[in-house]
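Numbers restart at 1 for each chain; the letters A, B, ... are given by sequence-line order, proteins then strands. On a predicted model such as this, the values are computed, not experimentally measured, just so you know. These numbers come from the heavy atoms of this one structure, side chains and all, not from hydrogens, waters or symmetry mates.
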Amino acid sequence: MKASKLSLLALSVSLAMILSFVESQIPAMVAIPGVKVGLANIVVVFALYKLGWKEAVVISLTRVFLVGLLFGNGISILYSITGASVSFAAMVLLKQAKVFSTMAVSVAGGVLHNLGQIAMACVIMGTDVLRYYAPFLILSGTLAGIAIGVLAAIMIRRIDLKA
Amino acid sequence: MKKRFWDALLIGGCLLLAAVLFLVSHLGREAGAGVIVRVDGEEVARYSLYDNGTYPLNGGTNTLVIENGQAWLSHADCPDELCVKQGKVRADGQVITCLPNKLTVTVYGGEKNDVDLIS
């Protein structure tokens, strides 16, 4: 791996970690577990389009793991890994389809992230009553996905990595 | 901009799915009879929504208050107290969740059966 690429990946991970931290300092806006904007995903969506899916996987998983170690715990890493993996798989598939904009790809990521987390929460909590939150989390995932998608699209358009 | 169509389809589909799931779980919902407290997936307690009182749950990690058919958590030992912010529940199927303590409070039962008998 070239040094320039390694630095770029490291920089992306750092940026994603900072965004995670910033978001963790914002008090929950809605009293539903799991509702958040997911600012760090701006970096993941950007990387998916500008660096390639393998690079984006590395950034996403490294970010989840490091943020979990620094600010979370084993359980929170489990939630994040599930959400991040399901979300990432959905985004890669939709991007491959080539008929969706960045925003729609990001929406799919947001919604699937939340559904993955509910599924994991049901497993961890040992009860399926959490399905009660599904409609709220699909809605919040859609809105968060739109916001992240719009921001990522601006970055994709404005930042030229070859410069 | 052919992408617009597929984008609209996907985003519209997500919103529609949320709306349908919301309606399915909220339509015809009755006032509940009581709440079931589960910790780690195991039912640990059941309280009638008409027995007013304050109940410490899970060895005191959370406090449940029941008053006139409504239930809410008034205290939690975690920093964000998200379960407290979730407010009051009273309808069949509603849930309050405390993820850190693996605790859920679910409203059960309703007067559906009685209504069916009358109608």
Side-chain angles (χ1 to χ4, degrees), chain A residues 24 26-36 72-73 75-76 78-79 90 94 97-112 114-115 117-118 120-146 149-150 153, chain B residues 1-26 29 35-44 72-73 76 78-89 91-108:
Chain A
S24 73
I26 303 171
M29 286 171 281
V30 190
I32 294 171
V35 172
K36 51 180 183 171
N73 52 50
I75 301 278
S76 70
L78 213 51
Y79 281 116
L94 259 69
K98 293 192 187 342
V99 296
F100 297 103
S101 72
T102 313
M103 189 181 73
V105 168
S106 162
V107 165
V111 171
L112 266 292
N114 286 356
L115 290 179
Q117 284 202 326
I118 300 187
M120 188 35 105
C122 287
V123 172
I124 291 175
M125 307 274 284
T127 168
D128 68 346
V129 297
L130 299 170
R131 69 186 186 289
Y132 170 72
Y133 294 114
F136 307 106
L137 286 170
I138 293 173
L139 177 64
S140 91
T142 307
L143 298 179
I146 290 174
V150 167
Chain B
M1 289 303 273
K2 210 177 157 200
K3 281 186 175 178
R4 287 265 167 84
F5 168 75
W6 292 100
D7 281 12
L9 195 69
L10 182 90
I11 294 169
C14 289
L15 294 176
L16 187 69
L17 180 63
V20 167
L21 288 177
F22 180 82
L23 288 178
V24 164
S25 69
H26 283 73
R29 179 180 274 179
V35 292
I36 300 174
V37 180
R38 290 190 182 86
V39 176
D40 233 337
E42 301 290 325
E43 179 178 332
V44 294
W72 66 95
L73 293 174
C78 56
D80 66 358
E81 293 203 316
L82 199 57
C83 61
V84 175
K85 291 181 190 136
Q86 285 169 47
K88 300 177 177 180
V89 292
D92 184 19
Q94 281 187 303
V95 186
I96 302 175
T97 307
C98 169
L99 288 178
N101 294 324
K102 298 189 182 178
L103 180 143
T104 59
V105 175
T106 315
V107 182
Y108 72 89

Name the region of A:Ile32, side chain, backbone, both or neither, that has any atom closer than 4.5 Å to a heavy atom of chain B.
-> backbone
At what distance, to the nearest 0.5 angstrom, does CD of B:Glu43 lie from OG1 of A:Thr127?
-> 10.5 Å
Any idea which heavy atoms bring B:Leu99 and A:Tyr79 closest together, and the distance?
-> CD2-OH, 3.6 Å
Using non-hydrogen atoms and a 4.5 Å limit, figure out which bit of A:Tyr132 sits close to chain B: side chain, backbone, both or neither.
-> side chain
Contact class of A:Leu130 relative to chain B, heavy atoms under 4.5 angstrom = side chain
A:Ala108 versus chain B, the contacting section by heavy-atom distance below 4.5 Å | both
Of the backbone (N, CA, C, O) and the side chain (C-beta and beyond), which part of B:Cys98 lies under 4.5 Å from a heavy atom of chain A, both, or neither?
-> backbone
Considering non-hydrogen atoms only, spot the tightest contact between A:Val30 and B:Leu82 and give its length.
-> O-CD1, 4.1 Å
Once you round to the nearest 0.5 Å, how far does CG of A:Leu143 lie from CD1 of B:Ile11?
-> 10.0 Å
Is chain B contacted by the side chain of A:Val129, its backbone, both, or neither, given a heavy-atom distance below 4.5 Å?
-> both
Identify which part of B:Glu42 has an atom lying under 4.5 Å from any heavy atom of chain A, answering side chain, backbone, both or neither.
-> neither
Got a donor-acceptor contact below 3.5 angstrom from the A:Tyr133 side chain to the B:Val95 backbone?
-> yes
Which heavy atom of B:Cys14 sits nearest a heavy atom of A:Thr142, and at what distance?
-> CB-OG1, 3.4 Å
All heavy atoms of A:Ala31 vs all of B:Gln86, minimum pair found to be O-CG, 2.8 Å
Per-residue tally against chain A (heavy atom, under 4.5 Å) across B:Asp80, B:Thr106, B:Val84, B:Leu9 peaks at B:Thr106
Any chance you could measure B:Leu17, atom CG, to A:Leu115, atom CG, to the nearest 0.5 Å?
-> 7.5 Å
Closest heavy-atom pair, A:Ile124 versus B:Asp40, reported as atoms and distance to 0.1 Å, is O-OD1, 4.0 Å
Do you know the tightest heavy-atom contact between A:Pro135 and B:Ala18?
-> CB-O, 3.4 Å
Are any non-hydrogen side-chain atoms of A:Arg131 and B:Leu21 less than 4.5 angstrom apart?
-> no
Please state whether the side chain, the backbone, both or neither of B:Leu23 comes within less than 4.5 Å of a heavy atom of chain A.
-> neither
